[in-house]
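The structure appears below as structure tokens.
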Amino acid sequence: MSTHINRRLFLSYGFAAGALTLAAPLSGIACSAREDNAWLEGDELTPLVKIYPDSRAVFFSPSPDMGQGVDTSLAMMFAEEMDLDFEKLETRPLRYSIMRGEDGNIAFKAVPQGAGGSTSTPRNWALLRRAAATARQLMLQAAAGELGVPASGLLTAKSHVITQTGQRIAYGSLVEAAARETLPEGFEPTYKPRAERTIIGTSEKQKVAHDIVTGKPLYGMDMDYPDAKVAMVAHCPYLDGWVESVDDRAARAVAGVRDIIVMDRPDPSGNYTYLAAGVAVVADTYWAAKTAKDKLRITWNQGPYAGESSASLDAECEALLRTEGQIVRNDGDFDAAVTGADTTMTRTYKLPLVSHAQLEPQNCIADLTADRATVIGPFQSPSGASRMTAQLTGLDRLDIDVRYTRLGGGFGRRLTSDHVAEAVTISKAAGVPVRLMWTREDDLAHDFYRPMGHHEMTAAFDADGNLTGWAQRLAGTPKYYRRDNVKPEEMFGADLYVDDFPAGRVDNLKIEYHIAKSGTPQGSWRAPAHTANAFVVQSFLDEIASELGEDPLELRLRLLGADEELEYGQHGGPVFSTARLKNVLREAAKLADWGKTMPDGAAQGIAGHFTFGGYCALVADVTLAPNGRVQVNKVSGAIDVGTVINRAGVLAQMEGGINDGLSTALGQAIEVQGGRVINDNFDRYHMMRMAESVPEINVHIVDSDADPSGMGEMSLPPLAPAVANAIVRAGGTRLRAQPFYRQSA
């Protein structure tokens, strides 16, 4: 969805409710404060910042926060260029604001809103700084007008304009005058040089940390709504199954039950709305709804996938790899390279279905009337929630009020809007506002899972150890399964990043794709295809190093070749820098004292990967217990995400991604049997316990002037291969499949 650009408008601002309010479209020419800003009037305005007469300020973050800390880092960007007092700056979510553009299409009023793919930081870097620097100019002009001096002779710092004589004028006293200012024709803001920054690059705790630990109502589950009833759904446990019959007499007898609604099976030939057929209970309280749901007696039709299992999916992938698939990249002549090679190696690696296992299960408030709708909840994509509601109700999107809360985890799960679809469907059928609440079992058994797949890797080398051919063949469940408007020949695009290393570093490269048919919904799971690609490529590189008798770090550096920026067409591009990846590999190795003598049964493993514009390398120190169990004692990492906004945030995301990656590699796997997920709670779906976590994590943050990338996903992909590589070097078994606990080390 685009942002509405009025040709005269760069910055809209006005004086309302005692505060200067500002909001910035992406580009355009500056205008008078009173031109084309009718949308700023009244309760419908939620700008990027409000500055009150007492100089209090509130920054409204355009990206939902799910623990990645963008409510703080984006505020740091804005505060830096506007010279706000960061200690006194409050942050809140930006109200979802859309309008109908001149072309008739829906567009954002102010700034793009959403979070996913580690895009919040790079998307907002130029935009927020431009808006803030322009707002700073308004303050300078207002102060210059009051003092009768040129604005060019004034400075700003910590929400004050400062004269050459040291006089300080608080922003709060300038807000009304600033709202009347007109920016010069052709105005272009100036930005602080790096040496003058006082906020960007420092370490700041999350603005809402105190509210989180004191239990303030921040999350979707915390939200209330006038007269809303609780809705819970007995979901069909079978993939694409449906309700054949239901005996709801006992459920209706529960005190407080208001309605029971049979929810049809979603159209299996189209993209998903809600995920599963079921029976919804609408009641006054959670416990009334839960009790009644448990009393339902439902006969399920097991649907078309009753025979599907984890074992059958593995067998299907194995069979597909014996056939020819879709060639999605084909450089040179790989077959000829294999024929003429001195050494060839082929290995197969396997990854299972994985759940997002977000701490806060799905939930959503929905209220439908004849001509309006309100939806409230944890959304990574407020636009997706808006579109889904419009699709199900026929309402104009301008008549739909979408309010996103803080998310208790996301990891890509809440990019989809199935929880919105369920809540809207139930509210529409019941005729009352509802608070949809899922249980942990619902959340694990009905997810858009990380795709499973088998990756067959082949490499060819000449007599001098030069890489002459490389092939990757994937057979797996596609992330784009039942995704609207994706052509069959484009299904591979979310599962294979064809420009990943060693693309551009080997003359003969073939990448092949096979679709395994499954009824399990697939979706974005933290770093999507990179979590698989890093595991298979970085594990394979260590196996090659062992075969060639070469140090794993030196092999990587050699194969990366000369410092060069290679074309990278998929998300994270447009270029991939071999120099930056080599640098983080060297820095991680240096931090870990790579090559040091290790005790018997202990070793180090290394891996590095390029993810969504960021470069991360990890070295894992691993010990094997006598029973074969793995203990990761320490992880040393180097990260290059360009300009660092919040150093504390980068460290937190490094540590979180490392532990999440370890948890996933060690034990996580969704098990399907008889067409249903059978491990639907944490007693059967193995999340890492505290004793298994990494006790020591050391991080080197690369100092960089490059534009920033995101940080939420960068440290996860290299973790699993670093650990697997260490296990082998410690004397254990080469683990080519996840989760590791299924196999003996």
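These numbers come from a predicted model, not from an experiment.
- Every residue two or more places apart in sequence or in another chain that forms a side chain to side chain contact (heavy atoms under 4.5 Å, CB included) with T119 is listed here: R123, H571.
- The salt bridge (Lys or Arg N to Asp or Glu O under 4.0 Å) search around R440 returns D443, not counting sequence neighbours.
- In this model, a donor atom of one side chain and an acceptor atom of the other lie less than 3.5 Å apart for K479 and S524.
- Using a 4.0 Å cut-off between charged nitrogen and carboxylate oxygen, R92 and D65 do not count as a salt-bridge pair.
- For the 3.5 Å distance criterion, the side chains of Q362 and H356 fail to qualify, holding no donor opposite an acceptor.
- When ring centroids are compared, Y171 and H160 stay outside the 6.0 Å threshold.
- Between the CG atom of D211 and the CG atom of L218 there is a distance of 5.5 Å, given to the nearest 0.5 Å.
- In this structure, R56 forms a cation-pi arrangement with Y52, its terminal cationic atom sitting closer than 6.0 Å to the ring centre and no more than 45° off the ring axis.
- Among pairs with a residue in residues 198-209, those fulfilling side chain to side chain donor-acceptor pair (under 3.5 Å) read Q206-R406, at least two apart in sequence or across chains.
- Judged by distance alone, with hydrogens and angles left aside, the side-chain atoms of T72 form no donor-acceptor pair with the main-chain N or O of V70 at under 3.5 Å.
- One N or O on the side chain of S159 and one on the backbone of D85 form a donor-acceptor pair closer than 3.5 Å.
- Residues E713 and S118 have side chains that bring a donor and an acceptor to within less than 3.5 angstrom of each other.
- For residues 362-381, the set of pairs meeting the salt bridge (charged side-chain N to carboxylate O under 4.0 Å, His left out) definition, not counting sequence neighbours, comprises R372-D399.
- The shortest distance between side-chain heavy atoms of F448 and L415 does not fall below 4.5 Å.
- Side-chain contact between K192 and D83: present, with at least one pair of heavy atoms (C-beta onward) separated by less than 4.5 Å.
- The two residues D660 and R526 come nearest to each other via the heavy atoms OD2-NH1, 2.8 Å.
- Shown here are the salt bridge (Lys or Arg N to Asp or Glu O under 4.0 Å) partners of K158, two or more places apart in sequence or in another chain: there are none.
- In terms of heavy-atom proximity, P93 sits nearest to Y404 at CB-CE1, 3.6 Å.
- Applying the side chain to side chain contact (heavy atoms under 4.5 Å, CB included) rule to S427 yields the partners A366, L368, V434; only residues at least two apart in sequence or on another chain are considered.
- Counting only heavy atoms from C-beta outward, the side chains of M139 and M82 approach each other to under 4.5 Å.
- In terms of heavy atoms, M66 sits closest to A115 at CE-CB, 4.0 Å.
- When all heavy atoms of G220 and N363 are compared, the pair lying nearest together is C-OD1, 3.0 Å.
- Remark: K50 does not engage E90 in a salt bridge, criterion side-chain N to carboxylate O under 4.0 Å.
- Side-chain contact of S73 with N646: a donor-acceptor pair under 3.5 Å is absent, judged by distance alone.
- Here CG of D54 is found 11.0 Å from OG of S173. Values are rounded to the nearest 0.5 Å.
- For residues 366-390, every residue pair satisfying the ring-ring contact (aromatic ring centres under 6.0 Å, His included) rule, not counting sequence neighbours, is listed here: F379-H419.
- Scored by the salt bridge (Lys or Arg N to Asp or Glu O under 4.0 Å) test, R483 finds no partners at all (sequence neighbours excluded).
- For S386, the side chain to side chain donor-acceptor pair (under 3.5 Å) criterion is met by R397, not counting sequence neighbours.
- For the pair R482 (side chain) and G270 (backbone), a donor-acceptor distance under 3.5 Å is present.
- Other residues, nucleotides and ligands contribute only 12 or fewer heavy atoms inside 6.0 Å of the CG atom of D227.
- Residue pairs meeting the salt bridge (charged side-chain N to carboxylate O under 4.0 Å, His left out) criterion with at least one partner in residues 643-654, sequence neighbours excluded, are absent.
- In this structure E81 satisfies the salt bridge (Lys or Arg N to Asp or Glu O under 4.0 Å) test together with R129, sequence neighbours excluded.
- Listed for the W525 side chain is no donor-acceptor partner under 3.5 Å among the backbone atoms of G412.
- When side chains are defined from C-beta on, V233 does not count as touching D442, because their heavy atoms never get closer than 4.5 Å.
- Every side chain to side chain donor-acceptor pair (under 3.5 Å) that D284 has, sequence neighbours left out, goes to K229, R258.
- For S383 and Y96, the side-chain atoms include at least one donor-acceptor pair closer than 3.5 Å.
- Shown here is L359, whose CG atom has no more than 12 heavy atoms of other residues, nucleotides or ligands within 6.0 Å.
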